[in-house]
2 protein chains.
Amino acid sequence: MQGISGQTIKRLPLYLTYLKTRKTDETYVSSTTISEDLRLNPVLVRKDLACVMTGKPKVGFLREDLIAALEEYLGYNRLDSAIIVGAGKLGRALLDYPGFDAYGIEVIAAFDISGDDRTSARPVLGIDKLDDIVKRMHIKIAILTVPAPNAQDVAKSLEASGIEAILNFAPVHLSLGESVIVKNVNLATELAGLAKSLAEAKEKSNEPKESRDH
Amino acid sequence: MQGISGQTIKRLPLYLTYLKTRKTDETYVSSTTISEDLRLNPVLVRKDLACVMTGKPKVGFLREDLIAALEEYLGYNRLDSAIIVGAGKLGRALLDYPGFDAYGIEVIAAFDISGDDRTSARPVLGIDKLDDIVKRMHIKIAILTVPAPNAQDVAKSLEASGIEAILNFAPVHLSLGESVIVKNVNLATELAGLAKSLAEAKEKSNEPKESRDH
DNA sequence: TTAATATCGATAAAATAATATCGATAAAAT
DNA sequence: ATTTTATCGATATTATTTTATCGATATTAA
């Protein structure tokens, strides 16, 4: 009903990081500027931003307001708690990853079969404490960084404990109930996809006879 | 010209991991089975798979061949070398990440201003050695895990050294030449997006009066 | 050998997303 | 004050993606 396309939602964080990292004193940004820097269609940018706030003709969008509106819309102001399950190298890296805080996600702790370890800023706890903590603190979001062979079983137990959304780093397909939202992040395929794009780009430049790109 | 949609390409790794992790002795898989397990439209699955190989009516797709074809298509058999730039927690985690090997990406080494460190299986080298190694080994792919404030400058120097594709973990927009392929991975926004999806799903279930979903 | 069934593949239709165009508005310049 | 210019917003067009439908094919069983 609110009719915001998934594609648009995917681009909104892009605008946000762009606006945030762009060091400038200008109070206004125009959609055309953004589109040029991000190499997107200007109308597309305008249409996306129109979902979030309205700009002023001739001047553009008030930069600070736009950032605030994007953060508001994306729900970054809401403070969510999350846990990490699996304290291997990746899990521990994410446990100390500073970026989550900035987007309003508070990572409480990591859990691992190896048991307690409080040498880091945030604790690593034994997996046996997970169920209790998740229920007591009403945590709904989990980051899953266990080895692939264990992922399905662990995910099932997370579901049983009341977790409703899982960011899954294990390269397996999780079979869970319909109500659980699963978002897969496969670092290997991201990289492999990049390698493929590169290979394709090279092919194209090597065989320009085939290209009739008009 | 080869007209494979971007959406399809995004789904192919999904099929691959599904086929790989699905423990079964069956030699054949049907597109309908896949679509049910992955909760996709069966025709969509069939159409996607048709880009890669052809199945047999009545029996389905030969499982091993399908895996091989997907890997072949996605270029996982080609062995690419990559480097990691920025050996913080995330960079080191990725350096030892076992998943890349499986997809035909060989991570040679990580580079960091902190200098050499060979305590891990793969070396962390001083950033001063980067240019030489990239040029000597003709490395084209870099994984960028430096802090956000340094990302743009480092990326520029990578471009100068001959890197042609960057998997960027820094939450900033990189401004580089057109020929450099940049793929952004923002772990924080992935998680934030998940949190938002969860919030939306709850809203929907709380206010069913608004829903006229048919 | 023939009929029934499950599955593929191709074509068509519907839904969704991206782009182009045009008029309106407000700031700046003459 | 009027013209010019840059930008937004809305509508319309085009392209892409997803879904539905139909016929063909091979396997199984009678």
Side-chain angles (χ1 to χ4, degrees), chain A residues 1-15 18-19 22 24 26-67 69-70 73 193 200 212-214, chain B residues 1-15 18-19 22 24 26-67 69-70 73 193 197 200 211-214:
Chain A
M1 183 108 285
Q2 67 186 26
I4 276 204
S5 94
Q7 303 292 90
T8 295
I9 290 182
K10 267 195 239 166
R11 281 187 299 265
L12 293 182
L14 197 68
Y15 301 135
Y18 167 78
L19 289 168
R22 183 180 129 95
T24 169
E26 297 151 17
T27 45
Y28 284 93
V29 277
S30 76
S31 59
T32 47
T33 313
I34 296 174
S35 73
E36 279 164 15
D37 287 349
L38 258 44
R39 283 177 205 155
L40 293 169
N41 185 297
V43 185
L44 182 65
V45 173
R46 211 151 49 228
K47 206 155 155 280
D48 286 347
L49 295 184
C51 301
V52 170
M53 77 174 292
T54 167
K56 260 204 283 190
K58 171 65 185 178
V59 283
F61 294 82
L62 200 58
R63 194 171 141 275
E64 287 184 8
D65 284 6
L66 187 54
I67 290 177
L70 280 168
Y73 181 82
E200 275 178 1
R212 56 183 57 184
D213 51 345
H214 134 257
Chain B
M1 186 106 284
Q2 67 186 27
I4 276 204
S5 93
Q7 304 291 88
T8 296
I9 289 182
K10 266 195 242 167
R11 281 186 299 265
L12 292 182
L14 197 68
Y15 301 135
Y18 167 77
L19 290 168
R22 186 179 127 94
T24 170
E26 299 151 15
T27 45
Y28 283 93
V29 277
S30 76
S31 59
T32 45
T33 314
I34 296 176
S35 73
E36 278 165 15
D37 287 349
L38 258 44
R39 284 176 205 155
L40 293 170
N41 184 299
V43 183
L44 182 65
V45 173
R46 208 147 56 227
K47 207 156 157 280
D48 285 346
L49 295 183
C51 299
V52 170
M53 78 174 293
T54 167
K56 261 205 283 189
K58 170 70 185 174
V59 284
F61 293 82
L62 201 58
R63 195 172 140 273
E64 287 184 8
D65 284 6
L66 186 53
I67 290 177
L70 280 167
Y73 181 82
S197 301
E200 275 177 2
S211 92
R212 56 183 56 185
D213 51 344
H214 139 251

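Note that these values count all heavy atoms, side chains included, but never hydrogens, waters or copies made by symmetry. Naming: A, B, ... by sequence-line order, numbering from 1 per chain.
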Give the nucleotide from the list dT7(D), dA20(D), dT7(C) with an atom nearest to the side chain of Asn41(B). dA20(D)

Taking atom OG of Ser31(A) and atom CG of Leu40(A), what is their separation to the nearest 0.5 Å? 11.5 Å

Need the pair for dT28(D). Rule: Watson-Crick or G-U wobble, both distances under 3.5 Å, any strand; none if unpaired. dA3(C)

Let me know the distance between CG of Leu49(B) and C1' of dT7(C), rounded to the nearest Å. 13 Å

Looking only at dG9(C), dT18(D), dG9(D), the nucleotide nearest the Phe61(B) side chain is dG9(C)

note: Leu62(B), atom CG; dT7(C), atom C1'; distance rounded to Å ~ 15 Å

Could you check Pro57(B) against Val59(A) and say which one's nearest nucleotide on DNA chain C is further toward the 5' end? Pro57(B)

Nearest-Å distance for atom pair CG/C1', residues Asp48(B) and dT19(D): 13 Å

Among Val29(B), Ile67(B), Val45(B), which residue meets the side chain to side chain contact (heavy atoms under 4.5 Å, CB included) test with Tyr15(B)? Val45(B)

Between Tyr28(A) and Val59(A), which heavy-atom pair has the shortest distance, and what is it? CB-O, 3.6 Å

Taking atom P of dA6(C) as reference, at what distance in whole Å does atom CD1 of Ile34(B) sit? 18 Å

From CD1 of Ile9(B) across to P of dT18(D) the rounded distance in Å is 12 Å

Could you report the tightest heavy-atom contact between Leu70(A) and Leu12(A), atom names first, then the distance? CD2-CD2, 3.8 Å

Applying a 4.0 Å non-hydrogen cut-off, can you work out what Lys47(B) is touching in the nucleic acid: base, sugar-phosphate, or nothing? base

Take atom CZ of Arg46(A) and atom P of dT11(D), then tell me their distance rounded to the nearest Å. 15 Å

Rounded to the nearest angstrom, tell me the gap between atom CZ in Arg11(A) and atom P in dT16(C). 16 Å

Answer yes or no: does a side-chain N or O of Ser31(B) lie under 4.0 Å from OP1 or OP2 of dC8(C)? yes

Sugar-phosphate, base or nothing in reach of Thr8(A), heavy atoms under 4.0 Å: nothing

Nearest-nucleotide pick for Lys58(B), side chain only, options being dT19(C), dA27(C), dT27(D): dT27(D)

Nearest-neighbour nucleotide for the Val43(A) side chain, dG9(D), dC8(C), dA10(D) considered: dA10(D)

Of dT19(C), dC8(D), dT19(D), the nucleotide closest to the side chain of Leu44(B) is dT19(D)

Rounding to an integer number of Å, can you tell me how far Leu12(B) CG sits from dT17(D) P? 13 Å

Please examine the side chains of Leu44(A) and Lys47(A), heavy atoms only from C-beta on, and report whether any two atoms are closer than 4.5 Å. no

With both distances under 3.5 angstrom, what nucleotide forms a Watson-Crick or G-U wobble pair with dA29(C)? dT2(D)

Given that both distances must come in under 3.5 Å, which nucleotide forms a Watson-Crick or G-U wobble pair with dG9(C)? dC22(D)

